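Everything below concerns the one structure shown next.
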Amino acid sequence: MILYNVTTNIDASVHEEWLEWMLNSHIPDVMTTGMFLEYHILKVMSDDESGGHTYSVQYLCSGMDKFQQYEDIYAPALRADFIARFKDKAVSFRTLLEVIK
């Protein structure tokens, strides 16, 4: 199994809008691709010095083939939509992890 983690720091000025969009649009769109089995969205509890909010969205994938299909076919448009909506109000980084147990 593969865990695809996207950590995002979102500016406080668009935090509520971002969270609503993530829960009602973006994450459902990612899951509709059929490349992931489940997801979790987590809020980082430590204080953010920037005044923003940090979240981790974790998607579970059955294997690298499915993840690569997601990257090649679906991710470019989904990322472009994210950038168009939140421009300089969000910073994300992605991590790919192998689930051992």
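As the structure is a prediction and not an experimental result, all values here were calculated from the model.
The shortest side-chain heavy-atom distance between L78 and Y70 falls under the 4.5 Å cut-off. Inter-residue side-chain proximity for Y4 and K66 is flagged as unmet; no heavy-atom pair is nearer than 4.5 Å. Annotation: side chain of I73 is not in contact with side chain of T33 (no heavy-atom distance under 4.5 Å). With a 4.5 Å cut-off on side-chain heavy atoms, W18 and R85 do not count as touching. Side-chain contact between N5 and L97 is present, with at least one heavy-atom pair separated by less than 4.5 Å. Taking the side chain as every heavy atom from C-beta outward, I41 and L23 approach each other to under 4.5 Å. Contact of the L37 side chain with the M1 side chain is registered, since non-hydrogen atoms from C-beta on lie closer than 4.5 Å. Between D81 and W21, some side-chain heavy-atom pair lies under the 4.5 Å cut-off.
Expressed to the nearest 0.5 Å, how far OG1 of T32 lies from CD1 of I27 amounts to 11.5 Å. Note that OG1 of T7 is 4.0 Å distant from CZ of F93, once rounded to the nearest 0.5 Å. Distance NZ/K43 to OG/S56: 12.5 Å, rounded to 0.5 Å. A distance of 13.5 Å separates OH in Y39 from CG in L60, rounded to the nearest 0.5 Å.
Follow the hydrophobic side-chain contacts under 4.5 Å out from V6 and you never reach L3; the two are in separate clusters. The hydrophobic clustering, which links ILVMFWY residues whose side-chain heavy atoms are closer than 4.5 Å, places Y74 and M22 together. M31 and L42 fall into different hydrophobic clusters, where Ile, Leu, Val, Met, Phe, Trp and Tyr side chains are chained together by heavy-atom contacts under 4.5 Å.
For A84 against K87, the heavy-atom pair with the smallest separation is O-NZ, 2.9 Å. Between G63 and I2, the shortest heavy-atom distance links the atoms C-CG1, 3.8 Å. Of all heavy-atom pairs between H26 and Y59, the closest is CD2-OH, 4.1 Å. Taking all atoms of both residues into account, the shortest heavy-atom contact from C61 to F67 is SG-N, 3.4 Å. Shortest non-hydrogen contact noted between N9 and G52 is ND2-C, 4.3 Å.
Applying the salt bridge (charged side-chain N to carboxylate O under 4.0 Å, His left out) test to every pair with at least one member in residues 12-31, sequence neighbours left out, gives no pairs at all.
Applying the 6.0 Å contact sphere to CZ of F86 captures more than 12 heavy atoms from other residues, nucleotides or ligands.
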